[in-house]
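Reading through the structure tokens given below for one structure.
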Amino acid sequence: MYNKFPNAKILKIDLTKKEITIEELSGDIYRLYPGGSALGMYLAMQDIKPGIDPLSPENTLVFSVSALTGLPISGISRVNVTGKSPLTGTIGDTQAGGFFPVHLKASGYDAVVINGKSENPVYLYINGDKIELKDAKNIWGKVTGESEEIIRKELGRDDVEISQIGPGGENLVKYACIINMCNRANGRNGMGAVMGSKNLKAVVVTKGKAKKAFDTPRFSALSKSVAERLKENESVAGLGKYGTDGDLEAFSEEGFLPTKNWTTGYFPEGANNITGETMYETILKERDTCFACAVRCKRVVEIEGMVDPLYGGPEYETAATFGSYCGVTSLAYVALANQLCNMYGVDTISCGATIAFAMECYEKGIIDKTVTEGIELNFGNAEALPILIEKIAKREGFGDLLAEGSYRAAEKLGAEAIPLSITVKKQEFPAHMPQYKPAVGLIYAVNPFGADHQSSEHDPFLTMPEDSRERIRLAKLGITKGYEDNFTMDNDKVRFAIETQKYFSLLDTLCLCQFVWGPSWELYGPDELVELCKSGIGWDTSLYELMQIGERRINMMRYFNAREGFTKEDDKLPERIFEPLIGGPTDGVVLDRDAHDKAKEFYYQIAGWDKESGNPTDYTMKKLSLDWLLEQ
Amino acid sequence: MEVIVNKKIVTIPEDYKIIELLKYLNYNKNVAVFIDKKQLLLSEYENTRIRENNNIRIIRPLGGG
């Protein structure tokens with residue numbers, strides 16, 4: 001006995017006209033785009049015309065959760081934000097956890113679509129059926145912690161969750177993010193700048209109740225198995241204890257921790273200082289959690305007089321970008337940089353990477369103190385981090401240049417600077433090296449919204465033995481070949497990349513956490529995901545339908561980019577990845593260019609994309625029920 | 001006795017099993033192990049005895065995050 005797929009309730013806000021409407025999307029359509037990133041794409045494609053300026057009122061910003069959001073189980077509270085990205089010019093797509101997502105759903109909405117631009121700063125207040133645009137003049141310019149406090153006081157209630165921008169978004173920093181709880185970021189692609197361009201400071205939702213499962217006994221069995229799963233899964237248990245930063249030192253030992261703007265993979269002088277284990281032993285105040293999640297991977301750190309626990313603690317990417325990328329060995333300054341990014345609302349990855357780029361420009365003499373306004377911007381200058389983050393967020397002086405991201409800054413600084421920008425589609429690389437993980441490198445190149453490490457499974461899990469959890473689960477996606485090392489790139493590896501990309505695309509659609517729900521090492525695998533859909537909401541689905549949903553979302557994004565003029569020519573890794581690393585155990589190591597190029601061609605082929613343009617063919621679009629886009 | 005682990009010589013007691021070596025070297029069980037180029041199954045870690053001069057390779061699956 002199963003349910004008809006539910007309709008989606010969509011809240012639409014036109015900020016220019018100050019119009020608020022509520023629409024329903026039928027279950028038949030919602031099932032094709034059942035939330036999050038796919039629903040965001042579906043809704044964005046109704047409104048965004050090709051060629052618009054991402055920071056103009058013509059852009060659309062969609063907050064979306066999924067048909068599953070609100071069920072009381074680990075790893076289920078994620079919110080997706082979609083719009084055209086001011087950083088990449090492609091579709092923008094970003095996820096965050098916390099409690100905001102489940103309460104947005106509890107308010108009755110699957111998505112909030114925001115169009116136009118408000119004349120004055122406002123925030124959106126969703127109190128069940130009562131929707132208001134409220135004056136935000138008094139919080140415009142405030143950092144996230146201050147705004148939260150003022151909003152709660154003004155509303156006279158604490159039972160609200162707030163997703164907001166900081167000064168970074170207001171000042172249209174190209175990589176500004178959207179923050180909830182002052183420490184959960186919809187980090188990438190500059191969606192905070194899009195929100196800022198609309199004069200929308202925050203989306204505030206009142207707290208509601210968790211969703212009741214369709215089949216309580218079956219759902220409870222799945223949900224309660226989490227304790228046993230955590231006991232048996234050392235990878236996820238380690239995440240809980242040491243956070244995502246737990247493996248940072250191991251990456252350095254292997255020689256694959258991006259260091260000094262990706263010139264080396266080895267950071268012996270600082271890796272131990274900034275790793276999750278040291279954080280755990282020194283400045284960790286508590287392990288925080290998202291709604292209903294048993295993993296508790298979220299860090300909360302405190303340094304008296306320096307770092308406020310309100311702003312959480314550094315993830316691996318943050319520790320790497322502000323630490324090893326910049327040659328900074330001080331955990332205190334990494335934690336401070338994390339805090340400032342969360343206060344001002346800028347993406348820690350792009351911000352840290354852009355500062356690392358500037359440091360290399362300085363060391364190479366491309367810029368000097370007249371440009372940096374007196375800052376000696378050598379690698380390792382920890383004290384420069386807080387100064388620069390503030391300048392970036394406020395677009396002051398040198399910060400105004402860096403607020404454009406490393407690629408646009410390089411274009412302004414001249415030809416010598418361009419190879420120092422480690423980006424794809426103008427988005428800075430996360431801290432996983434394609435030289436170590438060539439399948440991840442392939443996805444960095446072809447991913448529709450720029451380099452992203454959360455868009456596919458990582459190569460090393462294919463080295464695990466065939467009776468391991470990882471390999472048994474991957475086999476269910478048709479990935480059966482194991483590898484003796486991480487470095488091989490062949491057709492089977494491409495199949496691994498694309499099939500797990502579809503799976504991760506599905507996770508971003510169902511708004512599930514990729515540490516809890518995944519295709520290999522995570523707490524719950526593909527079988528349990530199907531069971532979650534069935535027992536949670538009575539969706540009689542299959543792995544086939546779910547994988548197709550993931551594939552549909554990727555193709556919609558790629559189609560959006562094609563309309564903007566993107567082709568396979570934009571799917572390029574920076575030259576540095578093909579140049580020898582310097583020092584440490586990986587001295588001289590490069591990514592094999594020939595193997596990478598062949599892999600890309602094979603990827604386009606099996607994705608059903610045009611050989612010349614690298615974009616989806618009409619056949620592929622039609623196969624995925626996307627004919628309506630071709631007719632637009 | 002001496003064995004080679006990830007290209008370095010390591011001295012361990014006679015009759016050490018893989019699971020004991022992993023513990024000794026601060027690895028958890030969640031790694032790939034190759035002895036003289038042959039990969040072990042996870043189920044073999046408990047009982048596989050290491051012999052002198054075995055060339056052992058241990059790979060940590062370092063993922064995302």
Side-chain angles (χ1 to χ4, degrees), chain A residues 232-239 242-251 253-254 256-257 276 297 315-317 319-320 430-433 436-437 440 452-472 482-486 504 514-515 518 520-522 585, chain B:
Chain A
E232 288 169 1
N233 192 321
E234 293 180 75
S235 304
V236 182
L239 261 182
Y242 296 123
T244 52
D245 192 28
D247 282 337
L248 184 140
E249 193 173 16
F251 277 114
E253 285 166 4
E254 299 286 336
F256 291 106
L257 175 67
C297 70
E315 301 287 341
Y316 165 68
E317 301 298 330
H432 298 271
M433 301 187 83
Y436 184 53
K437 299 176 173 180
V440 173
D452 184 54
H453 61 297
Q454 299 276 112
S455 283
S456 63
E457 195 53 278
H458 291 208
D459 305 55
F461 300 106
L462 288 176
T463 63
M464 289 297 285
E466 64 183 61
D467 62 341
S468 64
R469 173 194 305 113
E470 289 83 354
R471 292 283 303 284
I472 290 168
Y483 289 78
E484 291 181 6
D485 59 51
N486 293 331
F504 277 56
Q514 298 174 354
F515 300 150
S520 67
W521 59 276
E522 300 82 359
Chain B
M1 67 180 180
E2 284 187 345
V3 293
I4 298 167
V5 181
N6 291 350
K7 296 181 183 167
K8 287 181 187 156
I9 295 171
V10 175
T11 306
I12 54 171
E14 299 280 334
D15 282 343
Y16 233 33
K17 292 174 187 163
I18 285 295
I19 195 77
E20 291 164 324
L21 176 72
L22 293 178
K23 201 172 170 192
Y24 175 65
L25 295 175
N26 285 325
Y27 288 104
N28 60 38
K29 243 182 90 174
N30 191 38
V31 293
V33 178
F34 295 80
I35 298 183
D36 297 333
K37 295 189 177 172
K38 185 182 173 294
Q39 182 162 25
L40 297 188
L41 293 173
L42 212 55
S43 58
E44 292 171 327
Y45 293 5
E46 295 282 345
N47 295 318
T48 300
R49 289 188 192 283
I50 301 169
R51 299 180 193 287
E52 182 138 31
N53 296 325
N54 270 163
N55 190 340
I56 299 167
R57 202 154 62 87
I58 302 171
I59 304 178
R60 290 176 283 196
L62 299 174

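Below, chain A is the first sequence line, B the second, and so on; all start at residue 1. Values below: every heavy atom of this structure, side chains too, minus hydrogens, waters and symmetry copies.
- The heavy-atom pair separating M464(A) from P61(B) by the smallest distance is SD-CG, 3.8 Å.
- Annotation: the span from E484(A) atom CD to I59(B) atom CD1 amounts to 8.5 Å, rounded to 0.5 Å.
- Of all non-hydrogen atoms in A32(B) and P465(A), the two that sit nearest each other are CA-CD, 4.3 Å.
- Only the backbone of K37(B) comes within contact range of chain A, judged by heavy atoms closer than 4.5 Å.
- Taking OG1 from T463(A) and CD1 from I58(B), the interatomic distance works out to 12.0 Å, rounded to the nearest 0.5 Å.
- The two residues R60(B) and A250(A) make their nearest non-hydrogen contact at NH1-CB, 3.5 Å.
- The two residues Y483(A) and F34(B) have their closest heavy-atom pair at O-CZ, 4.1 Å.
- Proximity to chain B is absent for every atom of F504(A), based on heavy atoms less than 4.5 angstrom apart.
- Looking at V31(B), only its backbone comes within 4.5 Å of chain A, counting heavy atoms on both sides.
- The candidate from K29(B), R57(B), E44(B), Q39(B) with the greatest count of non-hydrogen atom pairs under 4.5 Å with chain A is Q39(B).
- For E470(A), the part lying near chain B is the side chain, with the backbone staying farther off; criterion is any non-hydrogen pair under 4.5 Å.
- Contact of Y436(A) with chain B is made through the side chain alone, with heavy-atom distances under 4.5 Å.
- In this structure, OH in Y45(B) is found 7.5 Å from CG in D467(A), a value given to the nearest 0.5 Å.
- To the nearest 0.5 Å, atom CG of residue L62(B) and atom CG of residue N486(A) are 8.0 Å apart.
- In this structure, N28(B) CG and E234(A) CD are separated by 4.0 Å, a value rounded to the nearest 0.5 Å.
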